[in-house]
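These numbers come from the heavy atoms of this one structure, side chains and all, not from hydrogens, waters or symmetry mates. By convention in this document, chain letters (A, B, ...) are assigned in the order of the sequence lines, proteins followed by strands, and residues within each chain are numbered from 1.
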Amino acid sequence: MTATDTVLQASNVTKEYPSTDPPTPGITGVDLQVAAREFLAVMGASGSGKSTLLQVISGMDHPTGGQVQISGHDLTALGDDQASRLRLTTIGFVFQQAYFLRNLSIRDNILLPALKATPRRKVQVLARVEALMARFGIADLADRAITEVSGGQLQRASICRALVCEPEIVFADEPTGSLNSQTTREVMDALTEVHADGTTLVLVTHDPTCAARAERVVYLRDGRLDAERTLGPWRPATARDREGELLSWLTGLGF
Amino acid sequence: MSNAGLAVRYVRSDLHTNPGAHLALTALLLLSAFLMATGAMVAERLVGSIDRLFEIAEPPDFLQMHRGDLDHAALDAFAAEHPEIEAWLIEEMLGFDGAAVGWQHAATGASGDLADSVMDNLFVTQNQEFDFLLDAEGAVPQPAPGQVYVPVAYQQSYDLAVGDRLTVRTDTGPHQLQVAGFVRDAQMASSMSSATRFLVSEQDFEDLEAAGGGAPEHILEYRLTDGASAGDLQRAYEADPDLPKNGQAVTIGMIRLLNALGDGLVAVALVLGSLVLVAVAVINLRFVVRGTLEDEVREIGALRAIGISHRQISALYLGKYATLTLLACAAGGALAVPATAGLTQAMQVNYAAAPAGAATVLVPVAALGLLGTLVLLLCRQALRRVGKAPVVGALVGGSMLSERQTARRARRGAARARRHRLAAYSGTRVNTFLARLDLRADLRQWALVPVVFALLSVLMILPMNLLSTFQSPRFGTAMGAPEADLLVDLQFSPDLEDTRTGLLADLERDDRVTEVSVLATELREVPGEDGWETLRVQVGDHHDAAVQYLHGRPPGPGQVALSVLNAQRYQLAVGDTLPVRPAGPVSSTDQASPAVVSGVYQDLTMGGYTAKLPGEPNPRAAGYAIYARVTEATDPADLAAEYADRYPTASVIQMAEYLDQTMSFVTSSFRVAAGLALAFALVVAALISALFLSLQLKRERQRMGVLFAVGFSRREIVTQMRTKALAAVAVGVLGGTVAAAAGGQHLVDGVLVAAGLGITELRLFPQAWLVYGVYPALLVGVGLGVSVLTTARIRSAQMSRWLRG
């Protein structure tokens, strides 16, 4: 993997929570590289530091030590404005809970980052929003409030919002954590599509079925990177085999 | 663990985890408690001090001033006819102009006179029956020959001490006296009273009388078995044509009112101010309680899930707020004690130090109890939601709302989302759009800020407007005093007529004087309820005087203008007719000539009961007021000093100084009130902004987390919050300022009518740049400053955590 292919580069990243005495370690000395157009899954038991890692490498949080680079930008050295610009144009997020602004409709929530990024290209931006909603099957919900749609529909709206600025990398933190199996499948299909379009995807999950969609899986134990396994490109036909392979690997790790 | 133990632990840990909001709330409650207790204590002390002074000094229930001869037989007959008269006496007085009374400090040798005081200086001997003048200890002093007891008001203004010299200039040379002490005067204690009494021995009184230069005057004083019937006695007295009544008549009610008014205004202002603060505290408390409940909804759900009843949970919260309220009331009450001592110091010197009684403690405690009860009732009402909250909803959804409420809120949110569409927004400022949308959506929460700031604006502006009004030169003309630069008051002079003629001739010759007008104070009689009554009138040409009339205009021939109180007393309006006849025993109904009421004006001078008649001043008038205007190049103060030197028996004073002294009782009260209101309003504005914004920040954590995640910078999120705060503050300040400007006039008029002071309309003369410029800017500045400080924490917030709410 060459440097230009790398979208995300985390070096010796540490995160501690100083509010406790002694400070609680979140993650310790993590080195991670994600290549352009790669689909990486981060797994681990509850409390292993998966979400903390994602928050730190995505710029939502500052690491206590180490360095994080996204698309060549050192997140730890960026100012407020530059960091927000990076989150706006280069990074997309999908969270476990679909966090939206409750005073905006589904369409407006998706539109918001795009309009902020290019306020003078509203017509084009709106067309993209409509296209995304149509693609992920929520076009008819555009004018609904976020309280008027189901969890699965909200999560698909989250994906639309994450993609609206055409980011280089999307971070998904347990996006199916609160969904049923049918909806989980739909959301994962959508994310797989996102990746197939060429977007780099980092998925934090505890669900092996979801992780099996990734090309590479890293395993986190007590805040440290413990193991890594490459699964190769996803093909629906081999889904069952990948899941079995992943599960036996995880069992071997004590998952 | 027992319930009580659980409660104590809960309160302690809660106060520890959320100190800022609780500190601000406690401070707010403390300020409310402090003002409420101080207002109550000052009022109680004032009433107590006056009561105490009245108790020892035994002032008359009815008194009539008179200059000239007395018909002793008629007075005896009147007293014999009225069994309700318990005792009566005639007090002999000698009035000296302030310029004739000099002082010299024994310690420093500094000297001066009382010329710059507008008070009538009356020398008297101690009464033996009642109406005593009291010394600092509340005893009845009997001065030895050569000694004088000086009014406490002069002790303060001229810094006099025991041992200082007082020189009275008489027609036959100076009369030396030594200050032996200071006296308090129940009858003339009020800062509104226009006369004051000096106490001398019988011998000195006789010497002063014989020496000449003083104007003899009498006060006929009556003490009744039932003080409440003073009004009846006054009517009976005035209906008797043989009784002397060449002066003002005063009843005990009026004395009390005058006493309470000047100093009572501070207490009233404090109580009114505290009510505004209590309103602010109550609005805030509601917000805080609801905010805390929303904040701790999961904990409440957990407590209920493990089987703790909602009553017990409510009791925990109620216990916390009860503790805070109790602390605030205790501290506020404790702080009120020294504050009251400071505020009532002057009051206690003028009146008498009231002994502390049950009321001294009970009144403030009752006020604080009222505040505490109000606060706790409000908490209880807000805590009812705890009982209604579904356990699962609280635990899982983090919501206190029932399913129905959730559905209703969702419907409202949906309607709003469809109404305000970002897609339809034509502007390019997404941040502004979001801030506006939030303000609209959370209007019920944000409304607190404008409401509180509007109240605070009114609280700041109104006392200041009243103060600047009382200090305004234009105010005088609206209150019965003609517009002039110089006022010459001629009274008490044995050669009154000569002085008047000489002075007028001098003034008219003087190049520096542009206009001169003379008004004579004369007595007339008009028909009252029980026969003819004495009416004090000012006779002269009133057309030049520029007095502002409420209704109608100045009187022409055959007309009379009445002060508001007289118009009310005789139930007359412009166009009505009032028969007027000269005063004195020789007059009869035949001599009465009808005068048409030409106008009604407001008057604060002479107790408010005055009238104006046209015509030439009568040479036998009781006194004269000469008004003069000077050229622009002339300093009226210098001219006043020059004429005062030339005419020692006349009181020549700059008009501005006269108004200043006349209104000093109100201006000093309102200076205190305006200062306190300003300080409190700013402190409360800061507290409320801090309290509200810190809670609102908590409420909006998730929203800010979302914005951060989708690419908004911390700076933009901070700006959005500050924009909302600034908009809310500005709307409140603007609303309050407009309300104070537009409605303040009506409010003040309403209060004045209710007070019955002879003023029914008080045109406010605000210092516009101050109250409509600096004050609002100060409030907005405080709001903005606090929002800058409060939102600073966004810059270092852990947004991933805020995202989770």
Side-chain angles (χ1 to χ4, degrees), chain A residues 17 19 51-52 54-56 58-62 79-93 95-97 99-117 119-120 122 125-126 129-130 142-148 161-162 164-165 167 171 173, chain B residues 396-398 406-431 433-442 700-718 794-805:
Chain A
Y17 294 102
S19 58
S51 290
T52 305
L54 183 119
Q55 282 150 13
V56 170
S58 66
M60 280 298 286
D61 255 351
H62 277 294
D80 181 33
D81 284 342
Q82 296 158 307
S84 63
R85 194 73 203 166
L86 196 73
R87 285 196 305 281
L88 183 67
T89 56
T90 313
I91 304 170
F93 288 101
F95 300 102
Q96 179 176 3
Q97 302 287 334
Y99 298 123
F100 283 101
L101 298 186
R102 60 187 165 82
N103 296 323
L104 293 180
S105 65
I106 297 284
R107 180 197 284 113
D108 284 353
N109 263 295
I110 300 169
L111 176 64
L112 180 67
L115 203 58
K116 175 164 167 44
R120 296 187 191 284
K122 193 164 168 186
V125 162
L126 259 174
V129 170
E130 299 296 341
D143 288 325
R144 300 260 184 104
I146 59 163
T147 47
E148 294 177 314
R161 183 178 63 183
V164 75
C165 289
F171 293 95
D173 185 7
Chain B
V396 180
T406 311
R408 200 183 325 139
R409 183 172 280 198
R411 274 200 302 279
R412 272 209 303 266
R416 196 164 39 235
R418 276 187 277 274
R419 229 179 8 251
H420 308 292
R421 292 171 56 211
L422 179 64
Y425 174 59
S426 55
T428 51
R429 294 181 177 174
V430 179
N431 281 302
F433 174 85
L434 287 178
R436 237 177 23 212
L437 183 66
D438 276 352
L439 274 181
R440 269 201 215 113
D442 297 335
E700 295 195 17
R701 266 185 311 214
Q702 192 174 72
R703 179 186 162 277
M704 290 188 271
V706 172
L707 287 176
F708 184 79
V710 300
F712 284 77
S713 67
R714 288 175 193 268
R715 185 180 51 79
E716 286 171 311
I717 296 169
V718 166
I794 295 176
R795 294 196 184 278
S796 56
Q798 195 187 343
M799 284 298 180
S800 59
R801 214 167 251 189
W802 280 28
L803 190 60
R804 293 196 291 271

Can you label the angle between the F95(A) ring and the F93(A) ring as parallel, tilted or perpendicular, going by 30° and 60°? parallel
Using non-hydrogen atoms only, which part of [X] is less than 4.5 Å away from chain B: side chain, backbone, both, or neither?
X       : answer
F171(A) : neither
K116(A) : both
L112(A) : both
L126(A) : side chain
F100(A) : backbone
Q55(A)  : side chain

Under a 4.5 Å cutoff for heavy-atom pairs, which residue among [options] has the most contacts with chain A?
options                            : result
R411(B), R440(B), R703(B), Q798(B) : Q798(B)
M799(B), E716(B), R421(B), R416(B) : R421(B)
R429(B), R795(B), R715(B)          : R715(B)

Which region of V710(B), side chain (C-beta onward) or backbone (N, CA, C, O), has a non-hydrogen atom less than 4.5 Å from a non-hydrogen atom of chain A, or is it both or neither?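 Both backbone and side chain.
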Electrostatic pair D442(B):R102(A) at N-O distance under 4.0 angstrom: yes
What I want to find out is whether E130(A) reaches R107(A) closely enough, with some N-O distance under 4.0 Å, to be called a salt bridge.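 Looking at R107(A) together with E130(A), the answer is yes, because their closest N to O distance falls below 4.0 Å.
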Between D61(A) and S800(B), do the side chains contain a donor N or O and an acceptor N or O under 3.5 Å apart? yes
Using modelled atom types and a 3.5 Å cut-off, is there a donor and acceptor pairing between side-chain atoms of D80(A) and backbone atoms of R714(B)? yes
Please report the closest heavy-atom contact between A114(A) and V164(A), naming both atoms and the distance.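 Closest pair (atom of A114(A), atom of V164(A), distance): CB-CG2, 3.7 Å.
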